[in-house]
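Have a look at the structure below before the remarks.
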Amino acid sequence: MKNVETAYQLLHSALKNVFQKNFQMEVSDSEIQIQKTRKEFEGDLTVVTFPWVKKLGKSPEAVGQEIGEGLQKEISSIERFNVVKGFLNLHFNDAFWGNQFQNVTHLDNFGLAPANSKPRVMVEYASPNTNKPLHLGHLRNIFLGYSVSEIFKANGHSVTKVQVINDRGIHICKSMIAWMESGLNETPESSGMKGDKLVGKYYVEYDKKFKGQVADLMASGLSKEDAEAQAPIALGAREMLLKWEDKDPETLALWSKMNGWVYDGFDVTYKTMGVDFDKLYYESDTYILGKDEVMKGLENGVFFKKEDGSIWIDLTGEGLDEKVVLRKDGTAMYITQDIGTAMLRFRDYPDASSLVYTVGNEQDYHFKVLFKILKKLGLEQAEKCFHLSYGMVELPEGKMKSREGTVVDADDIMAEMKQVAKEVAEEQGKLEGMSETEKDHLHHIIGMSALKYFLLRVDPKKNMLFDPKESIDFNGNTGPFIQYGYVRTQAILRKVEGELSELNYTGELHETERQLIKHLLDLPAAFDDATNTYNPSVLAAYTYDLVRDFNSFYQQCAILREPNNDLRVFRLALTKQVGEVVKKTMNVLGIEMPERM
RNA sequence: GGCAUUGUAGCUCAACUGGAUAGAGCAUCGCACUACGGAUGCGAAGGUUUGGGGUUCGAAUCCCUACAGUGUCACCA
């Protein structure tokens, strides 16, 4: 069992009965609107009566009154109700909520669906180029993709995390040619640099040289275009790409050596992030497959060939354009590769029902086209493929530009967060008796929680702003705030270990207790919402509110000091449940909970 | 220019998908408590939801329009 029968469900069916009995009417599900009662009114749940006002030919107040009385007969736990305008506010008694809570404590895995009870979903995220290090934008991508994977798992799906590594193409050749021309023979070992940083350095080097050469050529009278086409280093890069495609052994050796450095660097970064992958795809493998698929599609009439030999698809019938899928020289492009990768993935995982692509919204159009193509090629799962499109992370001065040096490096920002966590923790001075490695781990957990929460609490669809100067907060609506709330629950529970007996309390509830219970009961709905909308921010908001409710409760109700033992046990059980739920939801966001901080 | 997308407190974000008096955090000001862990709680102030029309019992949300930001419109990825 994932959940107890909710108050919503109860009300829902009771409403149907009321309409049968009082008005001899059937009501459709869509007519029934139940929402939480707003704070300024008295009640727990509110039924909106407007949809029926016309039909019944009565005033909203009269309809509300009548339904309210009917509902009271159906559900004895409805202690009282009031009608304000067309809103029927229902107040359930304390016993009802006490009971609901007790039912939850008996569940094994409240809020979660049984593992692997639903079809497999593949989630692609990260998918970096191999010519430069990861930056803040990647962090949003990676945390988002990881979290969505975990959300699907929590909802019972089998999940395979994949990425496709863009390991070939002109951009890698640029780093390679710059490295060769430098003649320094630098390696990560010799330079002491992280592999991805080293390769990134040569990418920047390339750009510098290129610009210098272009400037020189222009000074000697060439047009900008000609200069760019004739810059020696650009020619070198292109030549290298051709050699690569010809499988020139030396070029291939250099290529795999430098890519290897990058992978080593990425692995370190992924590890710090706390993310992983089940299966990697390399563009250098899949682009050939893509070509095959295009050729097949050409035979089947999905694609057509233009006079110059390039291959196209006509999507004008679907409101899109014509699109090239294979160059006239027969080489693969981005979308060719994507077609191949998709086909290969569904071949590798025939039980997968869909594939989620975590890719920035600048590629919205690309994925529209891709999914149409996949469908035309006869891939059944094409309709269920989903582009998890997310907005850019902007800096105060605008978009990040790697060439202008305005990127926020992933490793740097993570290290910085950890450093801040360390400073705050030392200031607090609550960690005596902890070993240095434990402390180090704790600082890491806290720093990462600030960063992850910061990036995940925003609706993925939207662009968001990151201000390095103000950096990331540790107070208020933040990861560390939630961690602190969790730590507090654990601090309390540690003192009563083994003391938790059966729940026996049936008395009145404090307002903050009712609030807390109601919030806890919303967990399954929050998970559903997050799954349906591919949106971790739903869970971030849910958890933040829960912790606030708990803090409120904690401030106003004695737990350990409560003299009435039944009530004390009840409050301890509440505390425990809050801790478990927070840990669960944060785990899905990839955020670890410390026991002390 | 076409298409897509966004515009909510000084700043960063919410708003149960059309519901009641638009909510949080940060920043500002004030208060609480021998603290079960203060990385706390409570409160004040802060809004013509970019402007203008429309749809209806009811609009930040849907439609039209103007303005502003962003993305995209490559045989780049």
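Just so it is clear: chains get the letters A, B, ... in the order the sequence lines come, proteins before strands, and each one is counted from 1.
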If each of Thr478(A) and Ser537(A) is mapped to the nucleotide of RNA chain B with the nearest heavy atom, which maps nearer the 5' terminus, i.e. the 5' end?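 Upstream on the strand: Ser537(A).
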
RNA chain B: Thr37(A) or Met597(A), which has the more 5' nearest nucleotide?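 Per heavy-atom nearest nucleotide, the more 5' residue is Thr37(A).
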
Would you indicate which nucleotide in [options] comes nearest to any side-chain atom of [X]?
| X | options | value |
| --- | --- | --- |
| Glu283(A) | A77(B), U40(B), G19(B) | A77(B) |
| Phe87(A) | G25(B), G19(B), C36(B) | G19(B) |
| Arg548(A) | G37(B), A24(B), A77(B) | A24(B) |
| Asp459(A) | U40(B), U21(B), A14(B) | A14(B) |
| Arg488(A) | G37(B), A20(B), G25(B) | G37(B) |

Taking atom [atom1] in both [N] and [M], compute the distance separating them and give it to the nearest angstrom.
| N | M | atom1 | result |
| --- | --- | --- | --- |
| G47(B) | A24(B) | P | 16 Å |
| U65(B) | U55(B) | C1' | 15 Å |
| C11(B) | U49(B) | P | 16 Å |
| U5(B) | G19(B) | C1' | 27 Å |
| C67(B) | C31(B) | C1' | 45 Å |
| U56(B) | C63(B) | C1' | 13 Å |
| G37(B) | G41(B) | P | 16 Å |

Before you tell me yes or no, could you show the steps for His366(A) and Asp338(A) under side chain to side chain donor-acceptor pair (under 3.5 Å), namely the whole-Å CA-CA distance, both residues' side-chain angles and the distance that decides it to 0.1 Å? CA-CA 10 Å; His366(A) 172 80; Asp338(A) 258 347; 2.8 Å; yes

What is the distance, to the nearest angstrom, from the [atom1] atom on [X] to the [atom2] atom on [N]?
| X | N | atom1 | atom2 | answer |
| --- | --- | --- | --- | --- |
| Phe474(A) | A27(B) | CZ | P | 14 Å |
| Asp545(A) | A15(B) | CG | C1' | 11 Å |
| Leu320(A) | C3(B) | CG | P | 14 Å |
| Tyr357(A) | A77(B) | OH | P | 16 Å |
| Leu456(A) | A14(B) | CG | C1' | 16 Å |
| Asp549(A) | U40(B) | CG | P | 16 Å |
| Tyr542(A) | G23(B) | OH | P | 22 Å |
| Asp467(A) | C26(B) | CG | P | 17 Å |

Any side-chain donor paired with an acceptor under 3.5 Å for [X] and [Y]?
| X | Y | result |
| --- | --- | --- |
| Asn89(A) | Arg38(A) | no |
| Thr358(A) | Asn141(A) | no |
| Thr543(A) | Thr585(A) | yes |
| Thr512(A) | Ser552(A) | no |
| Ser175(A) | Asn131(A) | no |
| Asp529(A) | Tyr542(A) | no |

Is [X] close enough to [N] that one of its side-chain N or O atoms is under 4.0 Å from OP1 or OP2 there?
| X | N | value |
| --- | --- | --- |
| Asn551(A) | G41(B) | yes |
| Ser552(A) | C42(B) | yes |
| Lys85(A) | U21(B) | yes |
| Tyr544(A) | A14(B) | no |

Asn259(A) and Asp167(A): CA distance, side-chain angles, deciding distance, side chain to side chain donor-acceptor pair (under 3.5 Å) verdict: CA-CA 7 Å; Asn259(A) 269 342; Asp167(A) 62 345; 4.7 Å; no

Does Ala530(A) have any side chain to side chain contact (heavy atoms under 4.5 Å, CB included) partners at least two apart in sequence or in another chain, and if so, which?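 For Ala530(A), the residues satisfying side chain to side chain contact (heavy atoms under 4.5 Å, CB included) (neighbours in sequence not counted) are Ile151(A), Val538(A), Leu539(A).
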
Look for any protein N or O under 3.5 Å of an N or O in nucleotides 56-64 of chain B and output each such pair with its distance, or none.
residue	atom	partner	partner atom	Å
C57(B)	OP1	Lys54(A)	NZ	3.0

Students often get this wrong, so: under 4.0 angstrom with heavy atoms, is [X] touching a base, only sugar-phosphate, or nothing?
| X | answer |
| --- | --- |
| Tyr334(A) | base |
| Val325(A) | nothing |
| Ala541(A) | nothing |
| Thr46(A) | base |
| Arg494(A) | base |
| Asn89(A) | base |

Against the six-membered ring of Trp312(A), is Lys323(A) placed for a cation-pi contact (under 6.0 Å from the centre, within 45° of the normal)?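 Checked: cation-pi criterion not met.
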
Pull out every protein N or O sitting under 3.5 Å from an N or O of nucleotides 6-12 of chain B, one pair per line with the distance.
none

Are any non-hydrogen side-chain atoms of Gln483(A) and Ile446(A) less than 4.5 angstrom apart?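 Touching, per the 4.5 Å side-chain cut-off.
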
Counterpart residues, salt bridge (charged side-chain N to carboxylate O under 4.0 Å, His left out), relative to Asp545(A) (two or more places apart):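 Salt bridge (charged side-chain N to carboxylate O under 4.0 Å, His left out) check on Asp545(A) returns Arg548(A).
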
Kindly express the pairing pattern of RNA chain B in dot-bracket notation, using | wherever a base pairs with another strand and counting only Watson-Crick or G-U pairs under 3.5 Å. (((((((..((((.....[...)))).(((((.......))))).....(((((..]....))))))))))))....

For nucleotides 67-75 of chain B, print each protein N/O atom paired with a nucleotide N/O atom at under 3.5 Å, atom names and distance only.
residue	atom	partner	partner atom	Å
C75(B)	O3'	Arg327(A)	NE	3.1
C75(B)	O2	Lys328(A)	N	2.9
C75(B)	N4	Asp308(A)	OD2	2.1
C75(B)	N4	Ser310(A)	OG	3.2

Using modelled atom types and a 3.5 Å cut-off, is there a donor and acceptor pairing between side-chain atoms of Gln163(A) and backbone atoms of Ser127(A)?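 Checked: pair present.
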
Would you say NZ of Lys36(A) has more than 12 non-hydrogen atoms from neighbouring residues, nucleotides or ligands within 6.0 angstrom?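 12 or below, so no.
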
Which way is the base of U40(B) turned, syn or anti, if we draw the line at 90° from 0?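 Anti for U40(B); the angle lies over 90° from 0.
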
To check you understand the geometry: which heavy-atom pair defines the closest contact between Arg140(A) and Val393(A), and what is its length?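 Scanning both residues completely, I find the closest heavy atoms to be CD-CG2, 3.7 Å.
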
Using the ring-ring contact (aromatic ring centres under 6.0 Å, His included) rule, pick out the option among Tyr390(A), Tyr534(A), Phe367(A), Tyr125(A) that qualifies with Tyr357(A).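 That would be Phe367(A).
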
Can you measure from CD (Glu66(A)) to CG (Leu88(A)) and round to the nearest 0.5 angstrom?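 Here the interatomic distance stands at 11.5 Å.
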
